[in-house]
Amino acid sequence: MGRIPRGARQRKAGGMSEGRSPVGSHSRGVDWLRAMPATAAKVLRRASTVRGYRAGELVFRPSHGPRHVYVLEDGLVRLFRLTPTGEEFTLDYVRPAELFGEMSVLSDRPREGFAQARVESKILQIPRAAFVATLRAYNGVLYSVARKIAGRAIDYQSRAEELVFLDARRRLARFLLRLAKSHGQRHGEGLRIGLSLTHAEIAAVIGTSRQTVSVHLGEFSTAGLITRRRGYLDLPSPARLEAID
Ligand code: CMP
């Protein structure tokens, strides 16, 4: 535990797109605090502090006794783990209003993952005790956290299966489709992704090399399966991407 990942530095190489705000829509995530009873949200907010993070700064790292859970107020956060061979494996990108860092606190187990501000971000830090007390007091809040965790577990299971059964090209196609569904928006017949990730970052999500990602993105582009624009990636026909073999 506690190794500093290479990911604490910012990556520049192999951009899928550059500049621009990396998030297409801020409103798609579950607005965690707003979804709970107003009194509970007020109590939590009062017990919490807001902190600003620079792009590339770590929000948390593995620890035996995590003291906070977090809600992203503004910006973008990447959650990742280090594999036994020291590679970064990206778990997820957190959108504004989403809760993260809840799994270790809820399970009372050590935190094994890292969170890193991907761009300049504002994050609400909720003390562990206040979070747990609220869960105990409000079933509805507990339900929303359990739902989030169940969703993460199902996604992770699919990704583990993809790692075992699919080659990098098909993993990339699945990743783009997932990204379009979670962070994208409808664009004509297709989907538009407004999240700006480098090829190296995509590689860390699907468990392959940056070079492999570049080769397959180039191939998808030539086949008309994706269109790359500054700040955007379009999937003109998600069904075709889904059907690649
Ligand atoms: P915690 O275990 O405290 O620290 C790492 C965080 O990453 C974890 O809480 C969740 O918020 C998040 N996380 C863990 N596993 C996944 C996953 N499979 N998919 C998305 N997010 C995850």
Side-chain angles (χ1 to χ4, degrees), residues 1-5 7-8 22-23 28-33 35-36 44 48 51 53 57-73 75-84 87-118 121-135 141-164 166 171 174-183 195 197 201-207:
M1 262 197 255
R3 276 181 293 172
I4 309 277
V23 181
R28 292 172 63 89
V30 177
D31 193 333
W32 192 69
L33 280 167
M36 73 172 65
L44 277 185
S48 307
R51 225 204 99 174
Y53 291 84
E57 199 178 344
L58 283 181
V59 180
F60 62 68
R61 65 184 71 201
S63 69
H64 280 287
R67 299 211 307 266
H68 295 96
V69 299
Y70 305 82
V71 174
L72 179 61
E73 298 237 305
L76 184 71
V77 164
R78 180 172 75 104
L79 301 171
F80 65 99
R81 295 174 65 108
L82 287 183
T83 66
E87 299 299 308
E88 289 178 19
F89 185 73
T90 299
L91 296 164
D92 207 358
Y93 285 89
V94 179
R95 286 159 294 179
E98 269 191 292
L99 174 74
F100 62 103
E102 79 292 354
M103 286 173 87
S104 56
V105 166
L106 206 60
S107 60
D108 216 1
R109 304 228 310 237
R111 178 171 279 149
E112 297 184 1
F114 294 82
Q116 180 190 33
R118 171 63 174 70
S121 299
K122 234 170 71 184
I123 296 170
L124 186 72
Q125 302 184 322
I126 304 174
R128 177 186 193 120
F131 176 70
V132 172
T134 306
L135 294 185
V141 179
L142 187 58
Y143 171 70
S144 79
V145 176
R147 219 177 130 190
K148 175 89 209 161
I149 292 177
R152 289 197 203 282
I154 288 168
D155 281 353
Y156 199 58
Q157 221 162 9
S158 311
R159 286 177 60 199
E161 279 167 20
E162 287 171 11
L163 275 171
V164 174
L166 300 185
R171 292 208 299 279
R174 297 276 178 106
F175 166 71
L176 294 175
L177 287 162
R178 229 181 1 249
L179 192 66
K181 282 173 195 156
S182 60
H183 290 265
L195 181 70
L197 298 181
E201 284 172 315
I202 297 173
V205 178
I206 64 170

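Counting starts at 1 for both ligands and their atoms, following the listed order.
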- Query: So which residues, sorted by chain and number, lie with a heavy atom under 4.0 Å of ligand 1?
  - Reply: Phe60, Leu79, Leu91, Asp92, Phe100, Gly101, Glu102, Met103, Ser104, Arg111, Arg152, Tyr156

- Task: Report the C-alpha distance between Arg128 and Val105 in whole Å, list the side-chain angles of each, state the deciding distance to 0.1 Å, and finish with yes or no for side chain to side chain contact (heavy atoms under 4.5 Å, CB included).
- Result: CA-CA 7 Å; Arg128 177 186 193 120; Val105 166; 3.8 Å; yes

- Query: Do side-chain atoms of Arg171 reach the backbone of Gly207 as a donor and acceptor pair under 3.5 angstrom?
  - Reply: yes

- Query: Would you say the side chain of Leu72 lies within less than 4.5 Å of the side chain of Glu98, judging by non-hydrogen atoms?
  - Reply: no

- Should we say atom CZ of Arg178 is surrounded by more than 12 heavy atoms from elsewhere, each under 6.0 Å from it? yes

- Backbone of Gly101 reached by a side-chain donor or acceptor of Arg111 within 3.5 Å: yes

- Task: Kindly write out the residues that satisfy ring-ring contact (aromatic ring centres under 6.0 Å, His included) with Phe100, not counting sequence neighbours, or none if the list is empty.
- Result: Tyr70

